[in-house]
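Ligands are counted one by one from 1 in listed order, and the atoms in each one are counted from 1 as well.
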Amino acid sequence: MSDSLVTIREVSGHVGQSVRIGAWLQRKRSSGKIAFLQLRDGTGFIQGVVAKTEVSEDTWEQAGKLTQESSLYVTGLVKEEPRSPSGYELVVEGIEIIQVTQDYPITPKEHGVDFLMDHRHLWLRSPKQRAVLTIRAEIKRAVNEYFDTNGFTQVDPPILTPTSAEGTTNLFHTKYFDEDAYLTQSGQLYMEAAAMALGKVYSFGPTFRAEKSKTRRHLIEFWMIEPEMAFVDLEQSLRIQEQFVAHVVQSVVQNCRPELTTLERDISKLEAIQAPFPRITYDEAIEFLNQNGFEVPWGEDFGAPHETAIAQAHDRPVFITHYPASIKSFYMKPDPNRPEVVLCADMIAPEGYGEIIGGSQRIDDPELMAQRFEEHKLPLEAYQWYMDLRTYGTVPHSGFGLGLERTVAWICGLEHVRETIAFPRTLYRLYP
Ligand code: 4AD
Ligand code: MG
């Protein structure tokens, strides 16, 4: 037997061999002459079986000392075991304890969410949290794969900015030496500049909103994917959005079955996520809501209950298009046939997960853009560079932003976005 470690993920290639694994003990069950060790090493889970009559006295003693989350090196023979969820079992031959852990705070009993969030650094070790982070990583991989293979160039916009991108009410302020600076709310305006240089671009990074909303869909720090495309109109953008989201969901279905099973996710609901996605206009949404027990006057924005009601009528994400200009961002292009609405769309996820994408065609006309700056009382000097994009070779262009955490929550079937990122930043939490 060699000294090098084998991971639990790799044991299938070592059936009938003796291997050494670095692991933590999740749980232990023993009955006089036999101990069952539930072991994990980050790559997976395996049961180690220690038989008193088959191992040295010392090994049996070591097994007896192991507590929850004790760390150890274990050597054993890999055996196929059809009854085990992993398909394999370890017939333990030797145990080398690294540390016997005392009083691990997270026990198999139920804990409240606040307690678990205070121990987030340890909670991450549980099978469900591990499954969520694995799926998040697969979603990120699939996002990059989609754009990298469809002619997009990844560009990184700045995180420290002199101005706001999505309104001034929820900016995080900081000092930039003698100047004022803000943490970015969205890379979009910079991505528009990048699209004029590279055609089709996307960004993928953290964004910040000092939002006093304490809902299950809001984080203070969240990650956004922001594609921006020159010579692309709203209709073409919607087609890209539905293909992109379907690709991400199907990648998870294909590559993360064990994790979806751990989360008890209904996989058939995810398999249904195929392009095209249904579309309704804001006007149709208002009509639908008012026929279904709501009272929403034209011109008002939708809240979570409205979005959920609309989503429930569909088995895949739904686009709501053509919102009133008055409730949307300053940069959205008015519909030429009906200037009181804009060429925009929100994508609402199924099963009550709410808005996962906000996007639009952008204003390309320099005069209208200048007018919008005035109407929104935005300081033109600070946005001169953004105006330049309309002055020097303006073209029709569109883009959108997908919120990573809401997408992870939806795909994983999680109640709250706080479990979708390793260390969530929420209204009342900066620790750990
Ligand atoms: O709709 P939003 O605010 O759009 C923008 O920021 C545009 N500049 C994007 C663009 O066109 N490039 O945000 C986009 C998405 C939302 O649909 C939502 O999924 C997510 O970002 N999001 C949040 N996710 C978690 N916590 C928050 N506080 C979020 N705010 C927005
Ligand atoms: Mg939005």
Side-chain angles (χ1 to χ4, degrees), residues 136 139 143 147 152 155 157 161 163-172 182-195 200-229 232 234 237-238 240-241 244-245 248 282 301-304 306-307 311 317-321 323-324 327-333 342-349 353-363 386 397-411 414 416-421 424-427 429:
R136 179 184 169 105
I139 291 172
V143 166
F147 290 112
F152 288 73
V155 173
T161 63
T163 50
S164 111
E166 283 292 323
T168 49
T169 50
N170 56 12
L171 285 169
F172 266 108
Y182 305 95
L183 298 185
T184 184
Q185 299 160 304
S186 157
Q188 178 196 322
L189 307 190
Y190 294 98
M191 296 310 289
E192 289 185 53
K200 290 199 279 182
V201 293
Y202 75 104
S203 64
F204 196 161
T207 49
F208 306 86
R209 303 215 178 156
E211 252 164 335
K212 297 268 157 130
S213 12
K214 189 178 182 251
T215 80
R216 59 194 192 87
R217 296 173 180 177
H218 287 88
L219 290 170
I220 303 300
E221 176 180 314
F222 66 98
W223 284 57
M224 224 194 318
I225 295 99
E226 295 191 272
E228 196 66 36
M229 304 158 284
V232 164
L234 178 68
S237 175
L238 296 191
I240 289 166
Q241 290 174 43
F244 158 55
V245 169
V248 168
Y282 173 88
D301 206 356
F302 300 142
H306 306 122
E307 287 175 357
V318 50
F319 288 112
I320 306 177
T321 67
Y323 282 75
I327 53 171
K328 286 292 182 188
S329 302
F330 73 93
Y331 49 71
M332 293 187 180
K333 188 180 170 81
V342 282
L343 300 175
C344 74
D346 283 354
M347 186 193 287
I348 313 298
Y353 286 92
E355 178 201 322
I356 51 170
I357 288 184
S360 71
Q361 190 165 337
R362 321 304 193 188
I363 292 175
Y386 186 67
H397 64 288
S398 300
F400 60 93
L402 173 89
L404 178 61
E405 287 73 19
R406 289 189 193 174
T407 306
V408 175
W410 164 43
I411 294 178
L414 301 173
H416 200 295
V417 286
R418 69 185 156 219
E419 286 181 46
T420 63
I421 184 164
R425 297 295 169 241
T426 55
L427 190 49
R429 181 171 292 283

Which bit of Ile357 is near ligand 1, meaning a heavy atom under 4.0 Å away: side chain, backbone, both or neither?
backbone
Distance in Å, Met347 CE paired with Leu238 CG, rounded so as to fall on 0.5 Å steps:
8.0 Å
With Arg217 as reference, evaluate Glu211, Glu405, Glu307 under the salt bridge (Lys or Arg N to Asp or Glu O under 4.0 Å) test and give the passing residue.
Glu307
Backbone or side chain, does any N or O of Gln185 fall under 3.5 Å from an N or O of ligand 1?
no
Restricting to N/O/S atoms, is Glu355 within less than 2.8 Å of the Mg ion (ligand 2) or not?
yes
Can you find an N/O atom of Phe222 closer than 3.5 Å to an N/O atom of ligand 1?
no
Below the 3.5 angstrom mark, is there an N/O of Leu402, backbone or side chain, next to an N/O of ligand 1?
no
Between Glu166 and Arg209, is there a side-chain N and carboxylate O pair less than 4.0 Å apart?
no
Close approach, Arg362 and ligand 1, non-hydrogen under 4.0 angstrom:
yes
Got the closest protein heavy atom to atom 18 (C) of ligand 1, with its distance?
Arg406 NH1, 3.6 Å
Assign the ring pair Tyr282 / Tyr323 to parallel, tilted or perpendicular, where the plane angle (0 to 90°) is split at 30° and 60°.
tilted
Report yes or no: do Ser237 and Gln361 form a side-chain donor-acceptor pair below 3.5 Å?
no
Quiz question: by atom type and distance under 3.5 Å, do the side chains of Gln188 and Tyr331 form a donor-acceptor pair?
yes
Min N/O separation His218 to ligand 1 under 3.5 Å:
no
Give the residue and atom name of whichever protein heavy atom lies nearest to atom 26 (N) of ligand 1, and the separation in Å to one decimal.
Leu219 N, 2.9 Å
For Ser360 and ligand 1, does the shortest N/O to N/O distance drop below 3.5 Å?
no
Nearest to atom 12 (N) of ligand 1, what protein heavy atom do you find, and at what distance?
Glu226 OE2, 2.6 Å
For atom 15 (C) of ligand 1, find the nearest protein heavy atom and state the residue, atom name and distance (0.1 Å precision).
Gly401 O, 3.6 Å
